[in-house]
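Structure first, then comments.
These numbers were taken from a predicted model, which means no experiment stands behind them.
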Amino acid sequence: MKVSEIFYSIQGEGKRSGVPSFFIRTNNCNLRCMFTSTNLCDTSYTSWTPDDAMNIGEMSVEEIITEYKKQNVRDVVITGGEPTIQAEELTLLCKELKALSAYITIETNGTIYGDFVEYTDLLSISPKLSSSTPFDTKYEKMHLANRINTEVLKKFNNLNAEGKCDIQWKFVYCKDKDIDEIKELQKSVGFHDDRIYLMPEGVNESDLNERRKETVEMCRKHGYNYTDRLHIIIWGNKRGV
Ligand code: SF4
């Protein structure tokens, strides 16, 4: 698998915030998010610059499992980049982890479906809103074409309805127009308010501070959950945490 980094930390976002977890960050992404027209995505070394020399490169599923076994931890978070673009390897990895009784969270932008869902405990789906568009870059068209796949999102949502796996819908909140887009998605895909987590946009503590109160107000107004980004509060915008 193409891997950017693996590390042991705590989950910083969403309903399992604070849970000690082994992170597997896959490399490469089918999107190129740019928030508020200035901030690149917080893991741009997996999307904008996947050739970054600090990325690990290729690791076999066996090698990843060996690293996991060194940590005495049940939770595994498979994140990216976008893990689902390596759907076959991802399924194999999840199958091996499940055999070790791991609790598996997959963090995805929700654009690609696959058999990995059979082994996943929590799907953390983060559809990207138009506020993520990299305007005036060579990736703008590609990003717009891939950003939302309603049919795939519906398939994910059905898993939750059928009780096959837990799902949280996590949105980066930049501005109040984002709420209209979330409501539109809810209408077309069918997920409920109590499954939604709004997260302030920001890759450092001062950005987060600026948007935190507004994000909480939006959660109160619309009955959504709030999630912070604990790893940024604790360590700042660093790799491997
Ligand atoms: S989908 Fe995630 S990893 Fe990919 S560019 Fe957007 S924020 Fe970055």
Side-chain angles (χ1 to χ4, degrees), residues 1-29 33 35 39-50 52-84 86 89-90 93-94 96-98 100-109 116 119-126 166-168 170-172 197-209 212 225-241:
M1 287 189 85
K2 290 181 177 57
V3 175
S4 166
E5 53 189 357
I6 53 175
F7 54 93
Y8 176 53
S9 188
I10 56 160
Q11 173 57 284
E13 301 169 359
K15 67 194 298 181
R16 289 181 84 78
S17 286
V19 176
S21 305
F22 180 72
F23 283 78
I24 303 160
R25 187 183 303 291
T26 61
N27 201 14
N28 294 100
C29 186
C33 297
F35 298 98
N39 284 347
L40 296 184
C41 100
D42 61 351
T43 55
S44 58
Y45 48 92
T46 65
S47 52
W48 289 83
T49 55
D52 186 306
M54 284 174 71
N55 289 333
I56 290 175
E58 286 289 337
M59 276 185 93
S60 67
V61 167
E62 290 70 29
E63 285 169 328
I64 298 170
I65 295 291
T66 301
E67 292 305 312
Y68 169 64
K69 282 180 177 167
K70 290 179 187 168
Q71 308 294 339
N72 186 21
V73 62
R74 183 172 177 232
D75 267 63
V76 179
V77 179
I78 307 175
T79 185
E82 177 48 48
T84 65
Q86 304 181 69
E89 296 94 331
L90 178 62
L93 176 63
C94 290
E96 297 284 324
L97 287 166
K98 207 22 99 188
L100 297 169
S101 304
Y103 182 97
I104 302 172
T105 299
I106 294 184
E107 298 184 333
T108 172
N109 58 27
F116 52 83
Y119 308 100
T120 309
D121 296 287
L122 173 64
L123 273 168
S124 182
I125 304 175
S126 186
D166 197 5
I167 296 190
Q168 64 183 10
K170 203 172 61 180
F171 293 92
V172 175
Y197 287 75
L198 288 192
M199 181 168 74
E201 192 276 327
V203 292
N204 57 51
E205 182 57 5
S206 83
D207 286 354
L208 290 176
N209 254 337
R212 207 169 252 135
N225 303 292
Y226 174 80
T227 177
D228 217 300
R229 314 190 74 197
L230 291 181
H231 50 300
I232 290 182
I233 297 172
I234 299 167
W235 292 288
N237 188 23
K238 282 195 181 146
R239 293 178 70 144
V241 287

side-chain hydrogen bond (donor to acceptor under 3.5 Å, both in side chains) against Thr227, all qualifying residues, sequence neighbours excluded:
none
To the nearest 0.5 Å, how far apart are CG in Leu123 and NZ in Lys170?
11.5 Å
Does atom NZ of Lys2 have more than 12 heavy-atom neighbours from other groups under 6.0 Å away?
no
What residues form a ring-ring contact (aromatic ring centres under 6.0 Å, His included) with Phe7, not counting sequence neighbours?
Phe23
With a 4.5 Å cut-off on side-chain heavy atoms, are Cys29 and Asn109 touching?
yes
Report yes if some heavy atom in the side chain of Met199 is under 4.5 Å from a heavy atom in the side chain of Asp228; otherwise report no.
no
Listing request: all salt bridge (Lys or Arg N to Asp or Glu O under 4.0 Å) pairs with a residue in residues 72-84, at least two apart in sequence or in separate chains.
Arg16-Asp75
Any residue meeting side-chain hydrogen bond (donor to acceptor under 3.5 Å, both in side chains) with Asp207, in chain and number order, not counting sequence neighbours:
Asn39
Distance in Å, Ile104 CD1 paired with Thr120 OG1, rounded so as to fall on 0.5 Å steps:
6.0 Å
Mind checking side-chain hydrogen bond (donor to acceptor under 3.5 Å, both in side chains) for Ser124 and listing every partner two or more places apart, or none if nothing turns up?
Gln168
Does the side chain of Val76 reach to within under 4.5 Å of the side chain of Thr105, using non-hydrogen atoms?
no
side-chain hydrogen bond (donor to acceptor under 3.5 Å, both in side chains) involving Gln71 - partner list, sequence neighbours excluded
none
Between CZ of Phe171 and OG of Ser126, what distance do you get to the nearest 0.5 Å?
7.5 Å
With heavy-atom distances below 4.5 Å as the criterion, would you say the side chains of Ile167 and Leu122 are in contact?
no
Shortest non-hydrogen separation from Tyr8 to Pro20 and the atoms involved
OH-CB, 3.5 Å
So Val172 and Phe35, do their side chains get closer than 4.5 Å, heavy atoms only?
yes
Indicate yes or no: at least one non-hydrogen side-chain atom of Val77 is less than 4.5 angstrom from one of Ile24.
no
Contacts of Phe22 that satisfy ring-ring contact (aromatic ring centres under 6.0 Å, His included) - sequence neighbours left out:
Tyr68
Not counting sequence neighbours, which residues clear salt bridge (charged side-chain N to carboxylate O under 4.0 Å, His left out) with Glu67? List them please.
Lys70
Atom pair CG/CD of Asn27 and Glu58 - distance to nearest 0.5 Å:
9.5 Å
According to side-chain contact (heavy atoms from CB on, under 4.5 Å), who are the partners of Ile56, at least two apart in sequence or on a separate chain?
Val3, Ile6, Met59
For Ser47 against Cys41, the heavy-atom pair lying closest together
OG-SG, 3.3 Å
Shortest non-hydrogen contact from Ser60 toward Glu63
N-OE1, 2.8 Å
Between Glu107 and Gln11, is any pair of side-chain heavy atoms under 4.5 Å apart?
yes
Backbone N or O of Pro83 within a donor-acceptor pair of the Gln86 side chain at under 3.5 Å?
no
Worked verdict on Leu93 versus Ile65 for side chain to side chain contact (heavy atoms under 4.5 Å, CB included):
CA-CA 8 Å; Leu93 176 63; Ile65 295 291; 4.1 Å; yes
For the CG atom of Asp42 and the CG atom of Asn204, what is their distance to the nearest 0.5 Å?
11.0 Å
Heavy-atom donor-acceptor pair, Ser44 side chain to Leu40 backbone, under 3.5 Å
no
Any side-chain heavy atom of Leu97 within less than 4.5 Å of one from Ile78?
yes
Donor-acceptor contact below 3.5 Å, side chain Thr79 vs main chain Thr108:
no
Test Tyr45 against Glu5 for side chain to side chain donor-acceptor pair (under 3.5 Å), laying out the working first.
CA-CA 10 Å; Tyr45 48 92; Glu5 53 189 357; 2.8 Å; yes
With sequence neighbours left out, the residues meeting salt bridge (charged side-chain N to carboxylate O under 4.0 Å, His left out) with Glu205 are Arg212
How long is the span from the CG atom in Leu198 to the OH atom in Tyr226, to the nearest 0.5 Å?
9.5 Å
Distance-only donor-acceptor pairs under 3.5 Å for side chains of residues 230-241, two or more places apart:
from	atom 1	to	atom 2	distance (Å)
Arg239	NH2	Asn55	OD1	2.8

Return yes if some donor-acceptor pair links the side-chain N/O of Thr46 with the main-chain N/O of Gly81 below 3.5 Å, else return no.
yes
I'd like to check the salt bridge (charged side-chain N to carboxylate O under 4.0 Å, His left out) partners of Asp121; sequence neighbours left out, ordered by chain and number.
Lys98
Of all heavy-atom pairs linking Cys94 and Phe116, the shortest is SG-CB, 4.3 Å
